[in-house]
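Here's the structure, in structure tokens; my notes come after.
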Protein chains: 2
Amino acid sequence: MSLPVEVAKTSAEKTFYSLRKDIVEGRIPSGAKLSEAELASRYAVSRAVIREAISRLMSCHLVERKANVGAKVVTLSSAGLIELYQVREALEGMAARLAARHMNETEVDELQQLLSQHSAQVKHGQSYYQEAGDVDFHYRIVQGSKNQHLINVLIDGMYHLVRMYRVQLGMAGPRVTTAFDEHNQIALAIANRDEELAEMLMRRHILYSRNNIKNKLLTPSHFPTN
Amino acid sequence: MSLPVEVAKTSAEKTFYSLRKDIVEGRIPSGAKLSEAELASRYAVSRAVIREAISRLMSCHLVERKANVGAKVVTLSSAGLIELYQVREALEGMAARLAARHMNETEVDELQQLLSQHSAQVKHGQSYYQEAGDVDFHYRIVQGSKNQHLINVLIDGMYHLVRMYRVQLGMAGPRVTTAFDEHNQIALAIANRDEELAEMLMRRHILYSRNNIKNKLLTPSHFPTN
DNA sequence: TAACTGTGTTATGTCGACAATGTAGGGGCT
DNA sequence: AGCCCCTACATTGTCGACATAACACAGTTA
């Protein structure tokens, strides 16, 4: 019913999750250098563990590394965020289409349960849960596509980047109310096994998000966007 | 004019390229276990280097790894290849659309030059170059999209997997003649800045490939497809 | 004064050894 | 005989130390 919790078996995995959290949530700022020695002492592990963790961060495209120079958190730009949403539009559009084809009845039911439960929460004014709820919704649809390559690219590689952009460019929790209706319509299209409509609505949903972001970027509220 | 040659600065990078080549071209078969000690002695480097190389192979989804157990080359299935082509269709379709929008005149010219030069080669019966030529064509269009996320996913993460599938499932050098015409039409659409047409033709082009592969899979020529 | 070179420092890249975990095989118990 | 547990081995995970490359700064020279 809920998102599978990633459980770390090795010390490198734990460090990776910690680092990823610190980066995505902005405690390690965009563009910052990741010194292996410093991180090793901070997390109380050896440099080998840190290097392993940094390797995995590179897989997610959260950090970049130059040989013999070091690793830095990726530099964000508003253009980069727009590009990211373009790719999301194509990929999640396909995910919605495939979800309409491949989700079983149980999964469809759970998706709709999630939405109604979510709707109740928001009516009580807990827009706090919106971020997690939004992630959960999209997550389920991607999983529902049953396409492993799609799942890999989006879940492992892209969602963390999106969250990082949103946190660091200061656009947390936008578009709560309208996004709900869009989610509901998408879920309905999937329940009706209407592949075309599901894809179209999902693409439009993400396009709206992109436009919303564009507008926010035009009126920079606190800091430059590189 | 040609593909940028990846030059290895560190020992780990060299080992990574070697390993990737061995895996993609089938010398290390699908499903094989990658023993760190064995590879370390074979490539005459330390285990740390091997671990670094394996990390990068995991980034490309060419190998999988379980904690405290080890790394194995990914297991291929015909279903997985089909899924891969579904994702390619969405991504490269978008790449073609963006290429039509963002490629400059020089890049468009070079793309068309490549095709005519390529066409001449094939008329001389050198269908040998088809594989490389095909890769080159798609590569340029992806680069022409100027979308860094798209470039990352496709170039670093997906094309090697596609090559691996094609080699190991025994479908090298297919559809030479018809693919040419399709390439030409796509290049023409891009030259005319017809985004819609470019995307449609590219999607169709990849769909044809997928169908072609499906047919080959129905008549398994030499070995089971898992 | 400006540019270049040499050196010293600091970081990353690489290595071999030790620790911890998973696995297979043999022995004992029911 | 079949199942379980325990031991021994093999493999991966982690560590600290050394090798090597990049950077900064001072000294020299035109």
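Chain identifiers are assigned alphabetically (A, B, ...) following the order of the sequence lines, protein sequences preceding nucleic acid strands; residue numbering begins at 1 within each chain. No experiment lies behind these values; they were computed from the predicted model shown.
- Under the rule for a side-chain contact (heavy atoms from CB on, under 4.5 Å), the partners of E107(A) that lie at least two apart in sequence or sit in another chain are M103(A), N104(A), K146(A).
- Residues passing the side-chain contact (heavy atoms from CB on, under 4.5 Å) test with K21(A), sequence neighbours excluded: E25(A), R27(A).
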*Determine, for nucleotides 5-16 of chain C in 5'-to-3' order, which nucleotides have protein heavy atoms under 4.0 Å from the base (write B), from only the sugar-phosphate (write S), or from neither (write -).*
------SBBBB-

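- With sequence neighbours left out, R88(A) forms a salt bridge (Lys or Arg N to Asp or Glu O under 4.0 Å) with E92(A).
- Here A67(B) pairs with K9(A), T10(A) under the side-chain contact (heavy atoms from CB on, under 4.5 Å) rule; sequence neighbours left out.
- Among residue pairs with one or both ends in residues 149-162 of chain A, none qualify as salt bridge (charged side-chain N to carboxylate O under 4.0 Å, His left out); sequence neighbours excluded.
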